[in-house]
Structures are given as structure tokens and as C-alpha cells.
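Note that the structure is a prediction, hence the values are computed from the model and not measured.
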Amino acid sequence: MNNYDFKAVEAKWQQFWDEDETFRASNDHTKKKFYGLVEFPYPSGHGMHVGHIKAYSGLEVVSRKRRLQGYNVLFPTGFDAYGLPTENSAIKFGVHPRQITDENIEKFTGQLKRVGFSFDWSRVVDTTDENYYKWTQWIFLKMFENGLVFRDKTLVNYCPSCKVVLSNEDSQGGKCDICHSDIVQKTKEVWYLRITEYADKLLEGLKEVDYLPNIKLQQENWIGKSTGAFVNFTIKENGEQMKIYTTRPDTLYGVTFMVMAPEHPLIDKYRDSIRNIAELDAYKAECAKKSEFERTQLVKDKTGVKIDGFTAVNPVTGKEIPIYISDYVMMGYGTGAIMAVPAHDTRDYEFAKKFGIDIIEVIKGGDISVEAYTGDGEMVNSGELNGIKNKKDAIEKMLKVIGKLGCGEAGVQYKMKDWAFNRQRYWGEPIPIVHCDDCGMVAVPYDELPLRLPPVDDFKPGTDGESPLARIESFVKCKCPKCGKDARRETDTMPQWAGSSWYFLRYCDPHNNEEFASQEELKYWLPVDWYNGGMEHVTRHMIYSRFWHKFLYDLGLVPTSEPYAKRTAQGLILGTDGEKMSKSRGNVVDPNDVVDEFGADVLRLYVLFMGDYEKAAPWSENSVKGCKRFVDRVWALQDKVTEGDDYSDALRSSMHKTIKKVTEDIEAMKFNTAIAAMMSLLNEIYAAGTITKKEFRDFLIILYPFAPHVTEELFQLIGCEGILSHQEWVSFDEALCIDKTIEIVVQINGKLRAKLMIAADAAKDDVLALARADENIVKAVGDKTVVKEIYVPGKLVNIVVK
RNA sequence: GCCGCUGUGGUGAAAUCGGCAGACACAGAGGACUUAAAAUCCUCCGAUCAUUGCGAUCGUACCGGUUCAAGUCCGGUCAGCGGCACCA
């Protein structure tokens with residue numbers, strides 16, 4: 001036997017699989033299917049990261065196993081290639097983003113193949129390919145047609161460094177998700193998708209899918225549904241109805257003032273009758289200067305200005321109360337105005353204390369001279385609500401009261417906002433809309449898709465926040481598709497998340513030129529059976545793509561209401577220092593280096609063996625060596641093979657147990673313990689000294705999904721027929737997993753005192769008798785009284801003594 | 001502030017339903033082979049005490065509880081990570 005030449009063996013099988021198209025999904029729709037999906041990479045110039053390898057290795061193992069289990073497996077990949085990093089390097093090096101993208105895709109493809117992933121390479125999609133983005137534009141137009149696209153002039157999150165408008169999701173924490181600069185608020189007219197229309201469906205749909213609980217929870221929190229009531233307060237001076245949203249209508253009797261967001265439209269409407277309008281304007285200007293970040297950081301000190309000229313009337317008490325403006329009320333949530341109940345809301349309490357406003361207790365239980373009481377209790381000072389102790393009852397009662405008064409009704413609110421769907425940059429899908437002076441916004445006709453990105457020399461964004469496309473006259477100037485007059489093309493492009501919102505549909509039928517995918521293929525392949533990816537995509541990509549999918553479902557264009565039946569997430573790989581891998585820390589591990597030194601099989605094994613798949617784990621060069629030893633020891637088994645088409649007595653039960661363990665652990669994504677079980681079996685084989693051909697063959701099959709190269713080679717070397725990729729997964733016999741004799745533990749008062757070997761089917765009394773007779777037990781019991789004896793079959797005996 | 005998760009040897013970690021804590025690895029120590037080293041193979045490897053050997057006690061962040069039995073369940077505390085955050 002030679003030393004294992006992993007370079008030659010891995011190259012040999014990668015070439016074979018490539019030429020043989022071993023992993024191509026079949027068109028045979030009579031077979032049972034498995035659609036495993038991993039998040040397609042963004043082809044950045046840095047190449048792949050070991051994190052990518054871990055992210056793909058999970059479903060790679062599942063997919064390889066499913067094929068052996070007789071499934072028609074669709075395990076595709078592709079490239080989510082639009083985006084700023086490519087555009088920025090295009091600007092930096094003066095190279096067209098198309099060229100950079102092509103080079104990066106080639107680099108990524110090579111790296112993925114070097115690791116031996118069993119992707120179906122005939123179905124690769126590239127979101128920047130015109131045959132792909134044609135359909136991204138097509139779906140956008142369908143949304144436009146159905147009223148889900150609108151333009152609005154509002155305060156937007158704007159990144160001054162990237163010169164783009166960002167969605168709420170992309171500017172979490174007041175930082176730009178791309179460059180981490182501080183976001184500023186800017187008024188701009190931009191494109192939106194009406195995702196809020198689907199808020200309830202997105203929430204409801206979570207009930208029918210199998211996502212990890214924390215993924216569901218994060219999505220629920222993001223959608224942020226709350227139930228409460230809308231209540232109208234009349235403004236005495238002008239009769240205007242001031243609508244507020246509250247989750248606590250039960251506290252309506254405790255309202256002592258009201259607050260509007262500084263940008264509230266009623267202020268502008270009645271400027272002339274507000275006596276201190278100059279003061280309000282100054283306050284508003286001051287707030288606009290603060291970034292969202294500052295606004296939320298300076299929580300402690302409440303600021304605001306009383307509106308001199310507005311007085312609100314509490315609809316249930318008829319009492320007159322002042323109205324303030326303050327930046328602790330946001331225009332973007334609810335109605336942009338609130339009723340303030342200082343006795344039972346911490347923020348209102350702080351405000352009331354600072355401005356010397358009355359605090360009226362309506363719920364007993366706290367001490368409102370010290371702080372706001374937000375708990376439950378008996379209603380007081382609340383008219384017909386007095387005496388009610390249960391919050392739910394109080395809310396119900398109040399809803400009836402305001403219903404009778406005709407001043408309000410129950411309502412729901414969502415934290416989720418509409419999706420700012422635009423970028424003022426070059427490298428994205430052009431938005432297929434034409435602006436006509438007479439017809440307004442007009443869709444580009446479907447038969448003119450794709451609306452291609454025009455060739456450009458200068459990709460720099462405009463200083464005024466305009467797309468570079470705005471400088472291309474030949475692109476901007478066009479005829480209105482409706483009336484034929486001169487018109488202007490929209491120059492914004494779609495955000496990075498557009499292309500990935502439907503890519504899993506395209507994989508079903510990637511070369512279709514008539515439809516985004518045929519109904520027949522979609523019916524067969526959908527839903528995605530198992531989707532794995534990073535936690536960072538749970539509130540963006542996942543919500544966006546579920547929204548697009550549900551929209552297409554409502555049009556009858558996809559057969560399932562949910563795109564993904566199951567979703568899991570892998571944990572990060574940290575640097576050897578235990579910190580998140582990043583270029584600036586210099587702790588990034590390049591998968592290429594690992595493949596060069598140890599081979600692809602070792603890399604694959606290690607990323608799955610290093611710890612719980614769903615948890616973060618630091619990289620360790622030394623531990624990689626352990627997996628290398630394992631592969632080498634498997635290779636060396638070829639010298640220990642004896643003829644035999646059965647299991648030997650020595651290994652029979654271990655074989656069955658290991659097959660069971662590996663079969664089940666893969667399904668539960670417990671890859672680390674599956675590998676550990678195979679390592680244990682290998683240790684047993686070494687202890688036994690020999691292995692039958694049948695045992696070796698079956699061992700290779702269960703190891704194959706993890707380490708396909710070395711197992712294919714050994715399968716061939718020991719003279720098995722065909723290739724391993726075409727074998728059947730091995731079965732196990734539950735009965736043979738049970739040992740004939742087992743070890744049980746004997747405890748005295750819960751402390752281990754002896755161990756016994758007994759027959760697995762021994763009767764309780766016999767076991768207890770044996771236990772009592774054991775010399776250690778006799779000694780330990782001594783002259784104490786036996787109070788109780790507990791027997792757990794197969795596990796232990798516990799003798800309780802006094 | 002709110003919600004969620006996690007806390008186990010020198011290290012990464014295991015441990016179905018409450019039933020032998022530390023599987024499997026890494027690192028370390030000793031030995032075999034070797035002129036030597038690497039590689040490989042074998043042995044040891046939670047702490048303390050005892051030690052010729054058998055063994056004893058403690059030990060899963062901390063404090064308490066339930067139980068014959070707790071890493072696992074319950075109550076409280078602390079620490080770390082993630083998400084949301086003036087959401088009315």
C-alpha cells in the first residue's frame with residue numbers, strides 16, 4: 001500500500017463526476033424528489049471563505065445521502081452577483097463590473113469544485129445574466145401591475161458614503177450594512193414595495209413551516225404585530241380629528257397630554273393658527289439634524305415643545321389636555337401621534353416629570369410618585385372601568401365604550417415597514433419603468449424585457465444621489481410605451497436583494513426562455529425541502545423572498561404558499577483567536593490552503609466535526625490534523641481486508657449501531673457525532689485487526705457523504721462493482737444494534753458502587769439478586785437497612801439504604 | 001430596557017425521556033520503532049487525597065429547591081452571545 005495521495009485521487013474523482021455529470025438532477029418526475037438549497041454566494045474578489053464551506057457542507061452530506069436513498073436530488077448553486085463591492089472595485093480599477101463578475105464566478109466555481117461539492121452544475125444561475133434578470137424585472141412589473149409598487153417622498157435612510165438609499169433592514173442600528181458609516185435621514189422620492197400588505201400572511205405562514213424556533217421568533221419580532229386601538233381626539237381650536245394608536249386603550253382615563261412627531265402634517269396644516277410656530281420649526285430642524293442613531297441613543301433626556309394653539313379633548317372624559325411635539329414619537333410607526341399616560345408608561349412618565357404635567361393613576365399596584373407602573377391591577381379613576389382587575393377585560397370594555405362614542409376602534413400595527421426598493425447605482429437590475437409627462441409611470445412592455453443595463457464608462461454615483469444611468473442620455477431618452485411621446489426612463493436600479501428573492505424558482509427550470517420556470521417543473525420540485533444558510537439572512541432575504549413567493553402564489557404562478565418547508569442555520573466559523581473572521585483582524589482561513597495541505601475530504605470532515613453545526617466554533621489547525629489522521633487510517637484499512645460477504649461476529653453489532661447512528665445523526669444535522677461514531681468504529685476495527693470486504697464496503701458508504709473522494713477510490717480499489725455514488729444507502733437492523741450482554745450500574749443512594757455484566761433480557765429479580773450479591777455492594781450496604789430498590793432496565797440498579 | 005440562546009477538563013466538544021459526566025478528537029506526558037527527526041503504533045491523561053494495589057471525596061458558572069437519582073426539571077443570581085429597541 002502507498003501513502004494516500006489525496007491530490008491525485010481528489011483530482012481524479014472531481015474530473016470523473018464532472019464529465020459523468022453524476023449529480024445532475026433527473027427530469028424523471030415519477031421519482032420521489034429532494035430539493036436541498038443553500039444560499040448562493042456573492043462572488044466577491046476575495047474568493048471563498050471557510051464559512052462558505054461549512055454553510056454548504058451540511059446539505060451536501062444530506063444530498064449525497066438522499067441520492068443513495070433513491071431520491072431524485074436537486075442540489076443547485078449559483079451566483080448572487082449584483083452588488084456594491086463589485087461596483088466599487090470597478091470604479092477603483094477602471095474595469096467593467098461584468099468582467100470582474102465573470103472572473104470572480106470562475107474563481108468561485110473552481111474553488112467549489114475543488115471541495116467536491118455535488119452541485120448540479122448544469123443549473124447554475126447568475127443574477128446578472130440578462131436571461132435571469134429579465135424575469136426579475138418581469139416579476140417586478142407584475143407587482144407594479146398589482147399595485148404593490150409605489151413611489152413616495154419620505155424620510156429615507158441614506159448612506160452618504162455609498163450614496164444610496166437603504167431599506168430599514170439594511171440600516172439596522174443606524175449604520176450602513178455595506179460600509180458601516182452612519183446613516184443620515186434625507187427626504188427623497190424613492191421606490192417602495194408594499195411588503196406590509198403581506199405582513200399578516202408572512203406571519204401566518206410561519207405556522208406551517210419547519211424553521212428553527214429562533215428563526216421563526218426573529219421573523220415574528222421583525223414583523224412586530226401588535227394589537228390595540230385607534231382613537232380620535234378632537235383638537236378644540238379647529239375641530240380636526242387627531243388619530244392615535246395605542247395598545248393600552250384601557251388607560252384612556254389616565255391620558256393627561258398628547259404628543260405628535262415633529263414632522264406631523266397637522267402642524268404644517270395649521271401653521272397660521274399656532275402661536276409658537278417658530279419655536280416648533282426650530283425644534284423640528286434640530287431633530288432632523290440628529291441621525292436615527294443619536295435619536296435612539298439619547299433615550300434618557302426627553303425634549304419637546306408644547307404647541308401653543310392646539311388643545312385636545314379626551315373623548316371619554318371630555319377633559320382638555322395640552323399637545324406637545326417630541327422626537328420620542330416617530331412619524332413612521334402608528335399614526336405619528338400618541339396619547340400619553342404618564343402614570344403607566346415610562347416614557348410618558350419621564351416627559352410629564354420634566355414638563356410638570358399631571359399624572360393620574362388609573363391602575364392600582366404601583367407608586368406613581370416614584371415611577372410609572374406598567375403592571376396589572378385594579379382600575380381606578382376610570383368611570384365605568386373602575387373595579388375591573390383583568391387587563392384584557394378592561395381593554396374589551398373600553399373598546400365597547402369608544403365604539404359607542406364613535407371615536408375609535410380596535411386595530412393592529414406592524415413594526416415592519418414597506419421595502420425601500422431602489423439603489424442609485426449602476427450594478428443592479430434597471431427598474432423597467434418609463435416616466436411620461438402625460439401618462440405618469442408606465443411599465444416597459446413585457447416583450448421588451450430584459451431592459452438591459454447600458455454600457456457605461458463611468459460607474460461613479462452622482463453627487464446628488466442620482467444613479468450613473470441618469471448621465472446616459474441614450475438610456476434615459478425614450479418614447480412612452482402608452483402614448484408614444486418623448487419620455488424619460490427610470491434610472492434607479494433594484495437593490496441587492498431583488499435577484500435572490502426568487503432564485504430558488506429559477507433552479508427548477510433554469511434555461512426556460514418562455515417563463516421564469518414552467519408550472520410542471522415548479523409543481524414537481526417545490527417546495528424547497530430543506531434550506532440552510534446564515535442567521536444574518538433571516539430578517540432580510542428570508543422575509544423578502546417569502547413575500548415574493550406569496551405574491552406569485554396569489555397570482556397562481558407557484559404551486560405552494562411557502563417557498564421553504566424547512567430552514568436551518570449553521571454557526572459561524574471563528575478565527576483561531578475566537579473572534580469573528582475578518583480581513584482587518586487577519587484571522588481569515590482560506591479553504592484553498594487547507595485543501596492544498598490536507599485535501600478536500602479533510603476540510604469537509606473538519607468543518608462538520610469541529611462542533612455543533614448550528615453553533616459558532618473557532619478554527620483549530622491542530623484539530624484539522626485529527627481529521628487527516630482519520631482519513632489516512634481509513635486508507636490504511638485496505639491492508640486489513642479479508643474476503644467475506646457478511647459482517648464478522650466481532651463487528652456485527654458495532655456495524656449496525658454505527659450505521660444507525662450515522663443515518664439518524666445526518667438528519668438531525670449532528671454531523672460531529674456521526675463522524676465521532678465512525679472514528680469509534682474505526683478504532684474497533686483496528687483493535688479487531690481485520691475487516692471483511694462487506695464491512696469495509698458498508699463503512700465506505702456511510703462515510704461517503706462526508707469524504708466522497710477517498711471512499712470512491714477505496715471502493716474501486718477493493719474491487720467493488722460500479723461507483724460508490726450509484727450505490728444504495730445501507731440499512732441497519734434495530735435488533736442487532738442491541739448487545740446480548742450489557743453492563744449495568746449499581747448505585748447505593750445514587751452513588752456508583754459496582755458494575756455488572758448481565759444478559760440484556762435478564763429478569764428484574766435476577767438482576768436485583770445479582771446486585772445484592774456483589775461484594776462491593778455487600779461491603780457498601782454493611783448493616784444499613786435497605787429502604788428501596790430501583791431498577792431501570794438496561795441502565796442501572798439503585799439501592800436506597802438508611 | 002425587552003425578547004431569545006448559551007455557560008461542562010489544558011482545548012473543541014459528547015451525554016434520547018432525569019439514570020455511569022467528559023464519548024470522539026486536539027494538546028500534553030511516557031514508551032516502541034529510528035543513527036536521529038518526522039510519520040506511525042501502544043499506554044496515561046477532570047481535581048484533591050491515598051497509593052503496592054483496592055479506593056475515597058469533590059466536580060457540569062453561582063445560590064437554593066424537587067427527586068431514590070439533576071449537566072438535564074423548578075426558583076433566584078452572575079457572566080457571555082445574538083436579535084429588537086423612545087414601536088406608543
Side-chain angles (χ1 to χ4, degrees), chain A residues 3 172-173 212-222 224-226 228 244-248 251 258-259 261 295-300 302 326-330 332-341 345-348 350-351 374 413-417 535-536 538-539 571-572 574 578 605-606 609-612 614-627 629-630 632-633 636 664 668 670 672-683 686 743-755 776 779 787-801:
Chain A
N3 280 339
Q172 295 176 32
L212 290 178
N214 55 334
I215 294 178
K216 278 194 190 184
L217 201 75
Q218 253 191 55
Q219 293 205 358
E220 278 165 15
N221 287 342
W222 188 260
K225 183 176 182 171
S226 80
I244 60 97
Y245 174 73
T246 179
T247 53
R248 298 296 304 273
T251 60
M258 306 198 63
V259 188
R295 213 166 142 167
T296 54
Q297 282 311 102
L298 303 165
V299 183
K300 282 182 194 144
K302 294 276 182 291
S326 170
D327 63 356
Y328 86 91
V329 173
M330 308 289 155
Y333 182 78
T335 61
I338 61 156
M339 62 177 216
V341 186
D345 181 285
T346 19
R347 296 153 301 174
D348 298 347
E350 285 165 20
F351 194 90
T374 53
Q413 276 294 298
Y414 300 92
K415 287 186 198 171
M416 187 166 69
K417 300 200 174 98
M535 281 308 290
E536 70 275 21
V538 164
T539 51
L572 288 176
L574 306 173
L605 280 163
Y606 177 63
F609 182 65
M610 61 196 297
D612 185 333
E614 288 164 14
K615 283 201 204 124
W619 186 266
S620 159
E621 179 83 9
N622 275 325
S623 297
V624 179
K625 285 186 209 152
C627 292
R629 270 180 213 143
F630 174 61
D632 287 341
R633 274 157 63 90
E664 293 173 353
K670 293 167 82 171
N672 52 340
T673 49
I675 294 168
M678 290 187 281
M679 287 174 168
S680 289
L681 178 61
L682 183 68
N683 289 343
Y686 267 77
E743 188 184 71
I744 69 157
V745 165
V746 185
Q747 300 177 332
I748 303 289
N749 290 349
K751 280 190 180 150
L752 174 64
R753 283 293 178 269
K755 290 181 181 181
N776 287 327
K779 207 160 72 186
V787 180
K788 204 173 180 182
E789 287 170 330
I790 290 141
Y791 174 54
V792 182
K795 293 253 159 76
L796 57 67
V797 171
N798 189 13
I799 299 171
V800 185
V801 299

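When heavy atoms are screened at a 4.0 angstrom cut-off, A:Asn672 is found touching the sugar-phosphate backbone but no base atom. At the heavy-atom level, A:Ala337 lies nowhere under 4.0 Å from the strands shown. Contact annotation for A:Lys755: base contact, defined as any heavy-atom pair under 4.0 Å involving a base atom. Counting any heavy atom pair closer than 4.0 Å across all strands shown, A:Gln747 reaches a base atom. Nucleic acid contact class of A:Lys795 (heavy atoms, under 4.0 Å, all strands): sugar-phosphate only. Residue-level contact check: A:Asp345 touches neither bases nor backbone, having no heavy atom under 4.0 Å from any strand. Within 4.0 Å (heavy atoms only), A:Glu743 reaches at least one base atom of the nucleic acid. Across all strands, A:Ile790 comes closer than 4.0 Å to base atoms (heavy-atom distances). At a threshold of 4.0 angstrom between heavy atoms, the contacts of A:Phe609 include nucleobase atoms, whether or not backbone atoms are also involved.
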Nucleotides 36-46 of chain B: protein proximity per nucleotide (B base, S sugar-phosphate only, - neither; heavy atom, under 4.0 Å): ----SS-----
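Rounded to whole angstrom, the span from the NZ atom of A:Lys225 across to the P atom of B:A88 amounts to 14 Å. One atom, CH2 of A:Trp222, and another, P of B:G82, lie 17 Å apart when rounded to the nearest Å.
For the pair A:Asn622 and B:A27, the criterion of a side-chain N or O lying under 4.0 Å from OP1 or OP2 is met. Put simply, A:Lys670 has no side-chain N or O that comes within less than 4.0 Å of OP1 or OP2 on B:C24.
Within the cation-pi definition used here (under 6.0 Å to the ring centroid, within 45° of the axis), A:Lys415 does not qualify as a partner of A:Tyr333.
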